[in-house]
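Below is one structure; the comments refer to it alone.
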Amino acid sequence: MTLYMVQRCLFDHLRRLEAAGDGPRPDIVTEGYTLTDEEKRAVTEPDIGAIYAMGAHPVIINGFCRALGYKRADYRPLLEQASGDTARRRTPWQKS
Amino acid sequence: MAEIVMAYSASHAPMMTADPGSAPREKADNFFSALEKVRDKAKETGVQAIVMMTGEHFTNFFLDGLPQVAIGLDEEHLGPPEVWLQVPKKMVPSDAGLAAHITASLIEQGQQPALSHGMKVDHGFMTVYYWLDPTMELPMVPVVLNCTTPPLMTTKQFWDFGVAIGNAIRSYDGLERVGLVAGGGLSHFVGEPRVGDIDEEFDRWFLDQLGRGDLSEILSVPNDVLAEAGNGTGEVRAWVALAAAMGSAPGHVLAYEAVYEWINGMGVVLYDGDQPAASQT
C-alpha cells in the first residue's frame, strides 16, 4: 500500500537474517505489513526490478541482493532492465 | 585543551576487509600502504582517542526516524554487526566524556546532532578503524551522518558542521591528543542501475581540491548534481567536514585507486595535525 511498508518488510527481513546468523534462514514475512498483491509478489518472488521500480531505497535493495547471494555488481542487469534509458547530466568535474 | 594531532579521510568499501585479495595486488598494496602510513602517524603522535564520522547504512536508524547527524554517547559500542566483514566482533571503547562534550558544544554552536545510546559501529567505521588499530583498543567516538536518504544536508552545511566539530574537539579539556577520521566515499554506486561504476573524474577532481585545501568548487555543487557521481559518493560529506575541521589545510593525498572489484573509488588523504592557535572561531 505504501512504499514505506515495502521497505519496512525488507528491512525487517534483513534484520531477521542477521539475527539468525549461521542458523536456518527465515523466509520473508509479509503478514503484518499493509502490502498490495503486487508488492507481496515482488518481495516474495523476489522481483528485484519491480522493487527498484517502486522506488525502494538503494541501500535496502543492495542489502536484499547481498542476502540473496549476489556479489559485487552482479545484480546490475536486473536494475538496468527496470530503469530503461536514463539521461546523465553534465557535471562540473566531467572532462570527457 | 585537546589538539587534533592527526586527521585523515579514507574509503570504507566492505571488500577491503571481507575480501581484500580480490583487488589487483598493486592497487590494494597502494591503498593499504597509505593506511599503514596513517597508522604510523597515530603512533608517532600518541593519539589518545579518535572521533570518527561516517555514513549511516540503516545499521542504527531507519526511515521511521533518521537523523542527519547522530553521536554515539556510550562508553563502548558493538561492532561490527556484519559477520562477513572479517573483522572480529568486539565492544569498541569510546570516550563518553568527549562524546558528551562534542554533543553539547555542537548544540551551542547551532548544530542539531541527535543523541544515540546503543549505537553499533558497522563497516563504515570498522574497516578503517581496524586498519588504524588492529587491537581495537583505541577509544573511538562514533558520529553517523545521513549521506544517502534525501533530503540531505549540502556539502556547505557539512563544511559548517566540520568547523563546529573541530571547535568542539579543541575545547575539550579531558584529553590532549585527539584524532579525527572520516570514512566513506569515494565514488561508488549501490542498489541502482549503475552499481559497479566508479566516477574516476569526480574522484580526482575532489582529491585535487583536498590537496590544494580549497573546496570552493565542491561546496557549490547542489545535492542532485553531486548524486551524479554515485549514490554512495555522498559519503564524501564526511571528508568535507573533516577538511573544514582542519581549517582548509591542504591534505596529503596518499593514495587513490579505482578498485572495480570492490566497486569503489579508494582513497586516503592525511592532514598535518594542529599548529598552535589553529582553533577557529
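Reminder, nothing fancy here: chain letters follow the sequence lines and each chain counts from 1.
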| Contacting region of B:Val221 [heavy-atom separation from chain A under 4.5 Å] | side chain
| Does B:Glu261 offer a backbone N or O that forms a donor-acceptor pair with the side chain of A:Arg72 under 3.5 Å? | yes
| task | Could you tell me whether the side chain of A:Tyr52 and the main chain of B:Gly191 form a donor-acceptor pair under 3.5 Å? | result | no
| query | Does the pair B:Glu192 and A:Glu80 meet the rule for a side-chain contact (heavy atoms from CB on, under 4.5 Å), with working shown? | reply | CA-CA 8 Å; B:Glu192 63 148 281; A:Glu80 286 178 326; over 6 Å; no
| field | B:Pro81, part contacting chain A, at a heavy-atom distance under 4.5 Å | value | both
| request: Against chain A, label B:Asp197 side chain, backbone, both or neither, depending on which of its atoms sit under 4.5 Å from a heavy atom there. | output: both
| field | Side chains of A:Thr91 and B:Phe202 in contact at under 4.5 Å (non-hydrogen atoms) | value | no
| A:Lys71/B:Asp19 salt bridge by N-O under 4.0 Å criterion | no
| request: Check the pair B:Asp199, A:Trp93 against side chain to side chain donor-acceptor pair (under 3.5 Å), reporting the backbone distance first and the verdict last. | output: CA-CA 10 Å; B:Asp199 191 335; A:Trp93 54 89; 2.9 Å; yes
| request: Report the distance from atom CD of B:Glu228 to atom CZ of A:Arg88, rounding to the nearest 0.5 Å. | output: 8.5 Å
| Which bit of B:Thr149 comes within less than 4.5 Å of chain A, counting heavy atoms only: side chain, backbone, both or neither? | both
| field | Most contacts with chain B, counted as non-hydrogen pairs under 4.5 angstrom, among A:Gln81, A:Lys95, A:Arg90 | value | A:Lys95
| Enclosure of B:Arg25 CZ (heavy-atom neighbours >12, cutoff 6.0 Å) | no
| note | Most contact-rich option vs chain B, by heavy-atom pairs under 4.5 angstrom, among A:Ile61, A:Asp74, A:Leu14, is A:Ile61
| query | For the residue pair A:Gln94 and B:Glu201, what are the closest heavy atoms and their distance? | reply | CA-OE1, 3.4 Å
| query | At their closest point, which heavy atom of B:Val195 faces which heavy atom of A:Tyr75, and how far apart are they? | reply | CG2-OH, 3.5 Å
| query | Which region of A:Arg8, side chain (C-beta onward) or backbone (N, CA, C, O), has a non-hydrogen atom less than 4.5 Å from a non-hydrogen atom of chain B, or is it both or neither? | reply | both
| Out of B:Trp262, B:Trp205, B:Phe189, which one racks up the most heavy-atom pairs below 4.5 Å with chain A? | B:Trp205
| field | Heavy atoms from other residues, nucleotides or ligands near CG of B:Asp64 exceed 12 (cutoff 6.0 Å) | value | yes
| Pick from B:Asp208, B:Val190, B:Ile218, B:Asn231: which one has the most heavy-atom pairs with chain A under 4.5 Å? | B:Val190
| query | Does the side-chain contact (heavy atoms from CB on, under 4.5 Å) test come out yes or no for A:Ile60 and B:Phe62, once each step is laid out? | reply | CA-CA 10 Å; A:Ile60 297 173; B:Phe62 190 54; 3.5 Å; yes
| Part of B:Arg204 lying under 4.5 Å from any heavy atom of chain A | neither
| Over 12 foreign heavy atoms within 6.0 Å of CG, B:Asp224 | yes
| request: Check the pair A:Arg66, B:Trp84 against side-chain contact (heavy atoms from CB on, under 4.5 Å), reporting the backbone distance first and the verdict last. | output: CA-CA 11 Å; A:Arg66 296 282 177 254; B:Trp84 43 264; over 6 Å; no
| Which region of A:Gln7, side chain (C-beta onward) or backbone (N, CA, C, O), has a non-hydrogen atom less than 4.5 Å from a non-hydrogen atom of chain B, or is it both or neither? | both
